[in-house]
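When a residue number appears, it is its place in the shown sequence, counting from 1. Numbering of ligands and ligand atoms starts at 1, following listing order. Any value given below was found using the heavy atoms of this structure, including those in side chains, with hydrogens, waters and symmetry copies removed.
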Amino acid sequence: MSVEQTYQQLEAWAKETALLGSIAGVLGWDQRVMMPPKASPHRANQLALLSGLIHQRATDPQIGEWLNELEQSDLVKDPESVPAVNIRQWRREYDRLTKLPTELVMEFTRTTSLAEKAWEEARAKSDFALFKPHLQKIVQLVREIAERFGYETEPYDALLDEYEQGMTAKQVEALFAPLRQHTPDLVARLQSAPKKPDTSILHRHFPREAQEKFCRLIAEAFGFDWQSGRLDPTVHPFATRLGPGDVRITTRYYEDFLSPALFGTAHELGHALYEMGLPQEHWGTPMGESASLGIHESQSRMWENFVGRSRAFWEYFYPIAQQHFTALQDVALDDFVFAINAVQPSTIRVEADEVTYNLHIILRFELELALMRGELEVDDLPSAWNERFEKYMGFRPPSDAEGVLQDVHWSGGMIGYFPTYTLGNLYAAQFYEQAERDLGDLSALFRKGEFRPLLEWLVQNIHQQGKRYTANQLAERVTGKPLSAESLLNYFQRKFPALYGI
Ligand code: ZN
């Protein structure tokens with residue numbers, strides 16, 4: 001058999017595995033959006049069967065043999081070619097899945113599923129002691145997993161690599177340091193400004209139907225293709241691609257708070273547009289997948305914050321919003337823009353503003369890293385959380401429920417995930433700056449309701465690249481420099497003091 005034939009065989013195998021995955025995707029979407037509660041046990045059986053089949057296919061020893069052959073061939077000569085990209089990533093996935101012994105995987109699954117239940121109860125009662133033994137077990141297991149995966153410098157690198165390929169703890173520390181250094185000062189300056197935003201205008205009455213109509217207009221303006229996607233209501237918003245021509249997003253509507261639907265939709269739209277912009281012809285292979293979680297988040301943050309919270313966006317959309325919502329008819333544009341950009345230290349990460357959000361992430365990253373480096377014990381985690389929180393935000397969380405227990409991630413064993421949120425903000429800022437260099441003043445376009453040029457730029461420079469480059473490489477190729485905190489800090493300095501009139 002020729003090398004080309006081997007490649008085609010592996011590709012066909014991978015695409016069929018991806019088909020099974022996309023069937024699980026449909027079931028998962030249905031479970032979160034449509035399914036009646038009593039269907040849960042049956043759905044769990046369906047999904048368990050599929051995930052078993054997928055795992056079996058993905059770890060078939062035949063894949064290892066195919067890869068051995070392909071890695072010796074000319075197909076990998078040019079590392080940027082489609083076959084080379086796919087072969088490289090298939091190897092990575094195969095190794096990751098086969099490096100862990102089945103018992104370890106099963107123990108991890110068992111531990112995290114118990115931990116999630118314990119965490120729910122611990123959070124409801126604000127009692128860390130209920131969650132503590134589970135988290136101790138999780139830390140021990142992820143350490144073992146990191147050892148099995150292997151790393152160059154420290155165990156945390158192996159965990160991070162799962163979510164942000166090629167990124168290391170040292171790099172993230174260096175990227176976050178300027179943010180940690182400058183953000184608290186900026187927040188303090190904004191807090192002491194005499195001018196204060198009136199956020200109560202966002203808590204007036206906003207009928208659900210009007211919100212949905214308005215969100216659909218935003219989706220259309222951004223370039224969401226209704227022939228290839230849907231927008232539905234859920235409790236926890238998300239975006240998912242079920243296959244070529246099928247991207248689903250969800251959002252939630254509160255009649256007494258306008259922001260969650262507006263900015264939640266804009267955020268998920270960013271994820272969806274990325275999925276829609278991936279090279280469809282490579283669907284089911286790494287070349288047709290997103291570069292990393294951080295890059296994915298850069299797309300959602302770009303549309304949510306850089307576009308959706310900009311004055312220019314609202315210069316175009318505010319008159320339309322006023323037609324939809326009588327509650328805004330006596331509110332001036334400037335007051336509205338100020339309200340949606342209010343900066344206020346708060347306890348809950350998912351409700352945080354654009355500026356303080358990164359402090360929430362830096363805090364979690366530092367604690368995770370200390371746990372993995374053995375510099376912090378799970379026992380001392382709540383007090384370490386509170387101390388650090390006070391240092392960054394200026395006050396202590398009133399309870400562990402609003403502190404160390406607020407996020408689901410650790411209970412699911414996802415240590416190394418949090419940094420991707422702030423990495424997303426850093427990538428977004430650097431990409432946005434480059435887009436303005438290439439396209440000219442984006443605000444001038446937004447004021448006229450023109451968002452397509454930005455989307456086309458993103459499709460061409462980022463989406464169409466699939467997994468050809470690591471996130472680091474992609475950032476450097478697109479913007480001509482390695483990722484840094486500079487663009488994001490400059491953007492904050494340009495935007496927020498002006499809003500606060502200082
Ligand atoms: Zn997101």
Could D407 and R364 be called an ion pair, given the rule that one side-chain N must be under 4.0 Å from one carboxylate O?
-> yes

The Zn ion (ligand 1) to nearest N/O/S of H296 less than 2.8 Å | no

Within the stated cut-off of 2.8 Å, is an N/O/S atom of E297 closer than that to the Zn ion (ligand 1)?
-> yes

Quick one: side chain to side chain donor-acceptor pair (under 3.5 Å) partners of W410, sequence neighbours excluded?
-> E368

Stepwise side chain to side chain donor-acceptor pair (under 3.5 Å) check, H282 with E289 = CA-CA 8 Å; H282 294 300; E289 288 166 12; over 6 Å; no

Among N, O or S atoms, H271 approaches the Zn ion (ligand 1) most closely through NE2

On the ring face of F131, is R123 found with NZ or CZ under 6.0 Å from the centre and within 45° of the axis?
-> no

